[in-house]
Participant: 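Can you keep this structure in mind? I'll have questions shortly.
In what follows, chains are A, B, ... by sequence order, proteins preceding strands, each numbered from 1.
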Protein chains: 2
Amino acid sequence: MTQQKTTSFDIAYKAGVSQSTVSRALSGSPLVGKETRIKIQAIAKELNYKVDKNASNLRSQKTKTLAVLLFDEAGTDNTMINPFFLTMIGSITQAAAAYQYDVLLSFQQLSDDWYADYEESHRADGVICLGYGDYLTYNEKAHDLIHSNAHFVTWGPVIAGQESCFVGCDNTSSAAQAVDHLFHSGREKVAFIGGADEHCPEFYQRYQGYKTAFSNSKKTLNPRLHVNAQNSEQSGFQAVQSLILTQESFDALFCASDLIAIGAIKALREHNIAIPREVAVIGFDDIPSASYVSPALTTIRQNTVDAGRILVEKILQSIHGEQPESEFLPAQLIIRKSCGTI
Amino acid sequence: MTQQKTTSFDIAYKAGVSQSTVSRALSGSPLVGKETRIKIQAIAKELNYKVDKNASNLRSQKTKTLAVLLFDEAGTDNTMINPFFLTMIGSITQAAAAYQYDVLLSFQQLSDDWYADYEESHRADGVICLGYGDYLTYNEKAHDLIHSNAHFVTWGPVIAGQESCFVGCDNTSSAAQAVDHLFHSGREKVAFIGGADEHCPEFYQRYQGYKTAFSNSKKTLNPRLHVNAQNSEQSGFQAVQSLILTQESFDALFCASDLIAIGAIKALREHNIAIPREVAVIGFDDIPSASYVSPALTTIRQNTVDAGRILVEKILQSIHGEQPESEFLPAQLIIRKSCGTI
DNA sequence: TATTTGAGTAATATCGTTTACATTGTAAAA
DNA sequence: TTTTACAATGTAAACGATATTACTCAAATA
């Protein structure tokens with residue numbers, strides 16, 4: 001029942017070779033003869049032998065494991081995890097598997113020990129950070145880490161002057177594209193719903209894109225058509241409600257996220273404003289629900305599969321001693337009914 | 001730059017004690033004097049020392065890590081991971097963290113090596129399986145594992161005669177409750193949309209609940225009101241379309257999943273059947289989109305937070321040598337507009 | 001005073017690999 | 001025949017901790 005664990009010595013004994021030969025044979029070293037290898041592999045299979053990961057890691061000082069650290073600002077209510085990040089975790093895991101890496105998952109509080117807890121304790125060879133916003137952009141500890149050859153990449157807005165590697169979606173130009181689409185379909189008075197302060201860099205970039213579209217089209221931007229909102233349905237609802245109350249006229253809403261857009265749609269409907277006839281709506285993210293609201297939401301889709309793969313590739317580069325570059329990912333405008341061109 | 005890694009020897013040297021004392025002091029052993037402990041802790045912090053996980057694991061033969069294995073039948077198209085499982089992964093990770101366990105995540109193909117790859121190779125102390133359906137219920141390899149004190153629990157339907165520990169939602173009685181709710185709001189001809197073969201045990205149990213509700217209310221079940229469907233929007237759409245074509249009369253649909261229900265709603269709408277006036281609809285799962293379809297979908301919510309916590313508790317019991325019992329989790333009927341009682 | 005006790009610490013043996021280095025055997029080159 | 005080269009294997013030293021056993025030195029007991 002509680003049989004002794006099979007070790008490489010058991011295999012060696014049964015195969016009549018030394019333990020080191022077993023190790024070499026199973027790790028695919030070219031230094032071992034073909035016959036010997038086959039024999040050893042057969043015995044290993046028969047005895048149901050598996051290399052002990054801890055011993056192997058300890059000796060080789062590699063773990064073949066990536067830590068994925070998720071900082072979810074949900075804060076007190078840990079129940080709801082941002083679905084976008086969950087999807088990302090999925091694609092990271094799959095990308096990592098393609099390189100024979102395991103993924104160690106952890107939800108974090110914003111702390112300075114995240115790195116030590118994973119790479120320095122040899123749990124993982126590198127760390128992928130999700131949801132850290134611009135925390136790692138200017139943080140002093142992060143600065144130190146970068147200069148002590150730490151291995152980590154961050155999903156987040158790519159901003160000039162960042163020292164470490166960031167991978168993020170091309171917020172600015174895809175936002176510009178969305179607003180441009182509204183212009184081309186005849187809308188003029190496009191409002192922006194979402195935070196525009198630098199504290200939430202993603203929203204800020206999307207706001208920049210919104211402005212770019214205006215200047216590219218030589219249209220003048222009405223600052224009263226910008227209303228702040230947090231990334232939630234409720235906040236989007238309130239923002240649009242207050243916009244309506246200002247009596248300011250508008251014929252389209254560009255929302256900084258789908259959640260905001262969904263709240264916005266609710267507010268419009270409550271005031272009997274027809275979508276898209278009177279007001280067109282565009283969101284950002286393409287969360288699953290976006291296609292189910294009515295009218296179905298036009299939005300910008302970030303390719304999470306590519307994102308996961310690229311994050312993994314960058315962190316592996318870093319582990320192998322290269323210095324990965326930050327990278328923008330293109331996003332795609334998904335046109336549905338809410339913007340009125342379908 | 002590439003400074004030598006700090007080990008417990010460095011601490012020992014600086015503190016003027018032996019290395020073993022350092023180990024004890026930091027692992028909270030009561031065998032070490034108070035002054036010595038404080039001194040050692042201070043030095044450890046100063047030198048930014050972290051216990052090497054691999055060395056520690058190797059020696060102690062424990063990893064403080066749980067493997068979460070997700071078998072997602074999506075198959076060829078790995079892009080879309082079942083959002084329900086993603087949520088589950090989140091709650092498992094958070095529950096595990098509460099017990100100071102890490103989570104190692106892996107997507108699997110259906111294979112017989114999943115166990116060896118994780119616990120036998122000492123990557124993890126135990127394994128939580130998601131999405132294995134009834135694979136582990138009757139599988140011979142699983143049988144062997146159970147009798148060789150392997151540590152694993154499975155999320156899935158609890159079925160009599162299972163040898164290992166399963167945790168699943170109480171499909172049968174919550175389905176019965178949902179159908180009962182339809183009866184009480186005056187519906188008579190309730191159809192069931194979803195597979196009823198034992199191959200998908202969850203759906204089968206939900207079908208059993210549907211039947212139970214009929215027999216409890218002494219109503220006779222019309223077998224022509226049962227249409228098979230897979231767990232997808234498209235399949236739900238087709239199923240309901242074919243039901244409509246049979247000309248069989250019905251005033252409510254109980255769908256085995258929300259995705260099916262969403263497809264069903266589409267089909268009804270295409271035939272200009274009013275929801276809920278002519279036909280009420282109830283789903284199962286409460287995926288995020290359920291509240292966004294229109295009319296908002298009445299459904300049955302599985303409590304993923306509890307589920308994650310219980311899975312973790314069971315696997316820890318198993319690791320500690322106890323024999324955890326399988327367990328049902330209650331589910332909750334979430335009443336929205338699609339069933340017409342709101 | 002001699003002996004016991006026990007708290008605190010030191011010494012040492014693992015845990016199961018990987019890997020640098022040493023050794024052997026065989027065949028080609030001198 | 002002797003040397004050389006190379007391929008295949010063996011030997012043994014890490015890797016960095018934990019666990020067990022053995023020691024020290026004070027206070028308590030006889």
Participant: Just by modelled atom types, is the B/His151 backbone N or O under 3.5 Å from a matching donor or acceptor in the B/Tyr115 side chain?
Facilitator: yes
Participant: CD1 of A/Ile11 versus C1' of D/dT9: gap in Å, rounded?
Facilitator: 17 Å
Participant: Taking only heavy atoms on the protein side, list every residue of residues 55-62 of chain A lying under 4.0 Å from any atom of DNA chain C, sorted numerically.
Facilitator: A/Ala55, A/Ser56, A/Arg59
Participant: Using a 4.0 Å heavy-atom cut-off, does A/Thr7 contact any base of the nucleic acid, only the sugar-phosphate backbone, or nothing at all?
Facilitator: sugar-phosphate
Participant: For A/Val22, is there any backbone N or O sitting under 3.5 Å from a side-chain donor or acceptor partner on A/Ser8?
Facilitator: no
Participant: Pick out which of A/Gln61, A/Arg123, A/His122 makes a side-chain hydrogen bond (donor to acceptor under 3.5 Å, both in side chains) with B/Asp52.
Facilitator: A/His122
Participant: Tell me the interatomic distance from B/His122, atom NE2, to C/dG16, atom P, rounded to whole angstroms.
Facilitator: 7 Å
Participant: Atom NZ of A/Lys64 and atom C1' of C/dT17: how far apart are they, to the nearest Å?
Facilitator: 16 Å
Participant: Please check the phosphate of D/dT9 (OP1 and OP2 only) for any side-chain N or O of A/Thr36 closer than 4.0 Å.
Facilitator: yes
Participant: How far apart are the C-alpha atoms of A/Ser20 and A/Ser18, what are their side-chain angles, what is the distance that settles it, and do they pass the side-chain hydrogen bond (donor to acceptor under 3.5 Å, both in side chains) test?
Facilitator: CA-CA 5 Å; A/Ser20 53; A/Ser18 76; 3.0 Å; yes
Participant: Would you please test A/Asp306 and A/Arg309 for salt bridge (Lys or Arg N to Asp or Glu O under 4.0 Å) and show each step?
Facilitator: CA-CA 5 Å; A/Asp306 283 352; A/Arg309 181 177 48 75; 3.3 Å; yes
Participant: The side chain of B/Thr21 is closest to which nucleotide in this list: C/dG16, D/dG10, C/dA10?
Facilitator: C/dA10
Participant: Is there a donor-acceptor contact under 3.5 Å from the side chain of B/Gln162 to the main chain of B/Pro157?
Facilitator: yes
Participant: By nearest atom, which of the nucleotides C/dA10, D/dA17, D/dG10 is closest to the B/Gln19 side chain?
Facilitator: D/dA17
Participant: Through what angle, rounded to 10 degrees, does the axis of the helix from C/dT1-D/dA30 to C/dA30-D/dT1 turn between its ends, using five pairs per end?
Facilitator: 60°
Participant: Whole angstrom is fine here: how far is it from OH in B/Tyr13 over to P in D/dG16?
Facilitator: 19 Å
Participant: Consider the side chain of B/Asp52, meaning its heavy atoms from C-beta on, and name the nucleotide among D/dA17, C/dT9, C/dA11 that approaches it most closely.
Facilitator: D/dA17
Participant: What is the separation between atom CZ on A/Arg24 and atom P on D/dG10, rounded to the nearest whole Å?
Facilitator: 8 Å
Participant: Considering just the side-chain nitrogens and oxygens of B/Ser20, establish if one lies under 4.0 Å of OP1 or OP2 belonging to C/dA10.
Facilitator: no
Participant: Verify side chain to side chain contact (heavy atoms under 4.5 Å, CB included) between B/Trp155 and B/Ile128, making sure each step is shown before the conclusion.
Facilitator: CA-CA 8 Å; B/Trp155 169 261; B/Ile128 296 176; 5.8 Å; no
Participant: May I ask you to decide if the ring planes of A/Trp114 and A/Phe152 are parallel, tilted or perpendicular, using 30° and 60° as cut-offs?
Facilitator: perpendicular
Participant: Indicate, with a heavy-atom threshold strictly under 4.0 Å, whether B/Ser8 touches base, sugar-phosphate, or nothing.
Facilitator: sugar-phosphate
Participant: Hey, is the main chain of A/Asp125 close enough, under 3.5 Å, to the side chain of A/Thr63 for a donor-acceptor pair?
Facilitator: yes
Participant: Is there a donor-acceptor contact under 3.5 Å from the side chain of B/Ser318 to the main chain of B/Lys314?
Facilitator: no
Participant: Check the distance between C/dT9's P and B/Lys34's NZ and give it to me in whole angstrom.
Facilitator: 14 Å
Participant: Between atom CZ in B/Phe9 and atom P in D/dA14, what is the gap in whole Å?
Facilitator: 12 Å
Participant: Roughly how many Å is it from CG in A/Leu31 to C1' in D/dA5, rounded to a whole number?
Facilitator: 15 Å
Participant: Can you tell which of C/dA10, D/dG10, D/dA17 lies closest to the side chain of B/Ser18?
Facilitator: C/dA10
